[in-house]
Amino acid sequence: MGKTVKSLKKGLSRRSVLAAGTAAAGLAALPGLGTTVLAADAVKVGAVLPFSGGLELFGNQAKLGIDLAVKEINDAGGILGQPLEVIYEDNKTDPKTSVEKATKLIRGDDVVALTGPITSNARDAMTATIKRLKTPLLYATNYEGGACDRYLFSFNTVPNQELAKLLPYLQETVGGSTYMFGADYVWPQKMFEAAKTLAEGQGGSVAGVEFTPWGVKEFAPVIRRIADSGAKTLLFALPGGDGITFIKQAEAFGLFDQVTVGFLGFAETYLGAFGPGGGQNMWVTVPFVASSDNPGVKDFVARIRASAGDDVPISHYVMTHYNAINALRDALERQGTVSREAVVDGLEGLIVASPAGPVTIGSADHHVTLPMFLAKTEGDGLKTVQDLGRLAPEAGCS
C-alpha cells in the first residue's frame with residue numbers, strides 16, 4: 001500500500017533549510033539573524049497491516065485507530081515537539097511479505113517502532129527481524145500468548161482474558177458439550193488448547209476440535225459434523241472472509257438453531273457482511289464495546305465517526321491500535337528522548353489512558369491488563385451483558 005500519513009510541519013524542515021544552499025552555522029554567524037532554529041524531523045512509525053489477501057477488514061479497522069491517534073497527537077504539538085508520521089505497508093496477509101515490509105520500514109524509512117500485523121504467523125515471521133534490528137513491535141491484535149521479548153509489546157488480549165469468563169458463562173447458560181472450529185494456524189490451535197483445558201477442568205466436555213485451511217468455499221461437510229456431534233456450543237475461530245462464508249452457510253443450514261456460538265476474535269465489521277438480521281446471539285469477550293454508555297467510549301466513537309463517517313463499524317481493533325500509538329507517545333515523553341530503546345524503556349510499566357478504561361503494560365512480560373466485557377451480538381452491533389472489570393494477562397512467558 002505504501003501510503004504515508006503525514007502531519008503538516010510548521011516552519012522549514014532540516015532538509016529544506018540545507019537545500020537553500022546556506023549552512024546553518026553560516027546563517028547563525030550573520031549579523032542580525034541570530035541563531036537559526038531548524039524544525040525537528042518527524043518521529044516515524046511503520047504499520048505493517050493487511051489491506052489485501054483476506055484480512056483487510058482488520059487492517060482497515062487498525063488504520064482507523066492509528067489515524068485518529070496520529071491526528072490528535074499532531075494537533076497537540078507532536079511528540080517532544082516533533083510531528084508524528086505513520087508509514088503504512090500492505091503485508092497482503094502474508095508472513096513473507098510482512099518480513100520484507102518490516103525490513104524496509106526499519107532500514108529504509110528509519111522508523112522508531114512498528115505496529116501490526118494481524119495474524120500470529122506474520123508476527124512470528126517478523127520477530128527475528130525486530131530482535132536483530134532492535135526495533136520495538138507494538139502488536140495490538142488478540143493472540144495466543146507466549147510471544148515474549150524485549151522488543152515485543154502486546155496491546156490486546158491473550159487466551160485467559162478472552163476465554164476464562166466466556167466459556168464458564170456458556171457452560172452455565174447453554175450447557176452440553178462444545179465443538180471447536182477454526183482456521184489451521186497457531187492462534188486457533190493455541191486458543192482451543194486453552195479452551196479444552198478450561199472446559200474439561202470445569203466439568204465440561206468437548207465434542208470435537210477441527211481446523212480448516214484458508215480459502216475453503218464450501219463448509220457443508222463440517223456444518224453437518226457439528227450438527228451431528230450433539231454439541232450445544234460452537235467455539236469459533238475462523239477470521240476474515242472465510243469466517244463470514246462459514247457463518248452465512250451455517251445460518252442457511254439452520255445450525256444456529258442447535259448451537260450457540262462463542263466467537264473468538266470477533267469484530268463488529270462482521271455483522272454487516274452477514275446480511276440483514278444475520279449473525280445474531282453470538283457471544284464474545286472483548287476489551288471494547290462501541291455501543292457502551294461509558295462516556296470515554298462514546299466520545300471515542302464520536303471522534304472516529306467524525307473522520308470516518310457515521311456508518312463505519314468500530315471494533316476493539318480500532319481502540320487497541322489507537323492505544324498502541326498513544327502509548328508510544330507517552331513512552332517517548334516519559335523518557336524525554338526519541339529512540340527505539342527509549343520506546344522500549346518508556347513502555348515498560350506504563351499506564352495508558354484508553355477510551356474503555358486505563359491499560360497497564362507489564363514491566364516484565366510486556367502484556368496488558370485491560371478492561372474486559374462479556375457481550376453478545378444484537379442488531380448491527382454488540383450489547384454489553386457484563387462488565388468483567390480489569391483482567392490481568394497470563395502471557396505465557398517462560
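Both Val359 and Leu391 sit in one connected hydrophobic cluster of ILVMFWY residues. Membership requires side-chain heavy atoms under 4.5 Å apart, directly or through other members. Cluster annotation: Val344 and Val368 are assigned to the same hydrophobic cluster (Ile/Leu/Val/Met/Phe/Trp/Tyr, side-chain heavy-atom contacts under 4.5 Å, transitive). In terms of hydrophobic clustering, with Ile, Leu, Val, Met, Phe, Trp and Tyr side chains grouped at heavy-atom distances under 4.5 Å, Val318 and Val48 are assigned to different clusters. Residues Val312 and Phe266 fall into different hydrophobic clusters, defined by Ile, Leu, Val, Met, Phe, Trp and Tyr side chains chained together at heavy-atom separations under 4.5 Å. Put simply, Ile325 and Leu68 are part of two different groups of oily side chains (I, L, V, M, F, W, Y) that touch within less than 4.5 Å, one to the next.
One finds no salt bridge joining Lys63 and Glu56 here, because no Lys/Arg side-chain nitrogen approaches an Asp/Glu carboxylate oxygen to under 4.0 Å. Using a 4.0 Å cut-off between charged side-chain N and carboxylate O, Arg303 and Asp299 make a salt bridge. Note on Glu100 versus Lys104: no salt bridge recorded, every NZ/NE/NH1/NH2 to OD/OE distance being 4.0 Å or above.
Remark: the backbone N or O of Asp109 is paired with a side-chain donor or acceptor of Lys44 at under 3.5 angstrom. Counting only distance, with no hydrogens or angles, the side chain of Gln61 and the backbone of Pro313 share a donor-acceptor pair below 3.5 Å. Thr115 contributes a side-chain N or O that, together with a main-chain N or O of Leu138, makes up a donor-acceptor pair within less than 3.5 Å. A donor-acceptor pair is defined here as one N or O able to donate and one able to accept, closer than 3.5 Å; such a pair exists between the side chain of Glu218 and the backbone of Ala220. Side-chain atoms of Asn160 do not come within 3.5 Å of backbone N or O of Ala194 as any donor-acceptor pair. Although no hydrogens or angles enter the test, the distance criterion places no donor-acceptor pair under 3.5 Å between the side chain of Ser98 and the main chain of Met126.
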When the side chains of residues 182-192 are checked against the rest of the protein, which donor-acceptor pairs come out under 3.5 Å, sequence neighbours left out?
from	atom 1	to	atom 2	distance (Å)
Asp184	OD1	Gln189	NE2	2.8

Cut-off 3.5 Å, no hydrogens considered: what does the side-chain donor-acceptor table look like for residues 233-257, sequence neighbours left out?
from	atom 1	to	atom 2	distance (Å)
Asp242	OD2	Gly215	N	2.8
Thr245	OG1	Gly241	O	3.1
Gln249	OE1	Phe219	N	2.8
Gln249	NE2	Lys217	O	2.8
Glu251	OE2	Gly279	N	2.7

Between Met180 and Glu193, does the side chain to side chain contact (heavy atoms under 4.5 Å, CB included) criterion hold? Intermediate values first, please.
CA-CA 10 Å; Met180 304 180 188; Glu193 285 180 17; over 6 Å; no
Check the pair Met282 / Val284 against side chain to side chain contact (heavy atoms under 4.5 Å, CB included), numbers first and verdict last.
CA-CA 7 Å; Met282 299 192 294; Val284 301; 5.6 Å; no
Would Tyr151 and Leu114 count as a side chain to side chain contact (heavy atoms under 4.5 Å, CB included) here? Give the steps.
CA-CA 10 Å; Tyr151 295 100; Leu114 296 171; over 6 Å; no
Could you walk me through whether Glu85 and Val111 satisfy the side chain to side chain contact (heavy atoms under 4.5 Å, CB included) test, starting with their C-alpha distance in whole Å, then the side-chain angles of each, then the deciding distance to 0.1 Å, before giving a yes or no?
CA-CA 9 Å; Glu85 174 184 332; Val111 298; over 6 Å; no
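In this structure the side chain of Tyr179 reaches within 4.5 angstrom of the side chain of Glu210, judged on heavy atoms. Looking at Asn326 and Ile73, their side chains come closer than 4.5 Å, going by heavy atoms from C-beta outward. Between Ser307 and Lys71, every side-chain heavy-atom pair lies at or beyond the 4.5 Å cut-off. With a 4.5 Å cut-off on side-chain heavy atoms, Pro117 and Phe58 do not count as touching. Side chains of Lys232 and Thr260 form no contact here, defined as non-hydrogen atoms less than 4.5 Å apart. Tyr169 places a side-chain heavy atom less than 4.5 Å from the side chain of Val385. Counting only heavy atoms from C-beta outward, the side chains of Leu64 and Asn60 never approach each other to under 4.5 Å. Contact check for Val70 versus Val45: no side-chain heavy atoms found under the 4.5 Å cut-off.
Among residues at least two apart or in separate chains, salt bridge (charged side-chain N to carboxylate O under 4.0 Å, His left out) pairs with a member in residues 126-145 are Arg123-Glu144, Lys131-Asp149. Screening residues 191-281 for disulfide (SG to SG under 2.5 Å), with sequence neighbours left out, gives no hits. Within the structure, every pair that satisfies the side chain to side chain donor-acceptor pair (under 3.5 Å) test and touches residues 365-381, not counting sequence neighbours, is listed here: Tyr143-His367, Glu348-His366. For residues 195-277, the set of pairs meeting the disulfide (SG to SG under 2.5 Å) definition, not counting sequence neighbours, is empty. Listed by first then second residue, pairs satisfying side chain to side chain donor-acceptor pair (under 3.5 Å) with a partner in residues 383-396 read Thr360-Arg390, not counting sequence neighbours. Applying the disulfide (SG to SG under 2.5 Å) test to pairs two or more places apart or on separate chains, none has a residue in residues 176-281. Residue pairs satisfying the disulfide (SG to SG under 2.5 Å) criterion with at least one member in residues 208-294, sequence neighbours excluded, are absent. Residues in residues 98-118 take part in no ring-ring contact (aromatic ring centres under 6.0 Å, His included) pair, two or more places apart or across chains.
Atom CG of Leu370 sits about 6.0 Å away from atom CE of Met319, to the nearest 0.5 Å. Here Ser354 contributes atom OG and Tyr322 contributes atom OH; the two are 8.5 Å apart, rounded to the nearest 0.5 Å. Here the CD-CG distance, from Gln161 to Leu166, works out to 13.5 Å after rounding to the nearest 0.5 Å. Atom OG1 of Thr269 is separated from atom CZ of Phe274 by 9.0 Å, given to the nearest 0.5 angstrom. Taking CD1 of Ile106 as the reference point, atom CG of Leu133 lies at 5.0 Å (rounded to 0.5 Å). The distance from atom CD of Gln171 to atom CG of Leu198, rounded to the nearest 0.5 Å, is 7.0 Å.
Aromatic ring orientation, Tyr88 versus Phe51: perpendicular (interplanar angle above 60°, classes split at 30° and 60°).
With hydrogens and angles left out, the side-chain atoms of Tyr317 and Glu268 include no donor and acceptor closer than 3.5 Å.
When every heavy atom of Val112 is checked against every heavy atom of Thr135, the shortest pair comes out as O-CG2, 4.2 Å. Between Ser292 and Lys298, the shortest heavy-atom contact is O-CG, 3.3 Å. The minimum heavy-atom distance between Gln335 and Ala342, with the atom names listed, is CG-O, 3.3 Å. The minimum heavy-atom distance linking Cys148 with Gly396 is given by the pair SG-C, 4.3 Å.
Partners of Gln258 by side chain to side chain contact (heavy atoms under 4.5 Å, CB included), not counting sequence neighbours, listed by chain and number: Ala227. For Pro50, the side chain to side chain contact (heavy atoms under 4.5 Å, CB included) test picks out Leu55, Asn91, Thr93, Ile118, with sequence neighbours left out.
Within 6.0 Å of CG in Asp311 there are 12 or fewer heavy atoms belonging to other residues, nucleotides or ligands.
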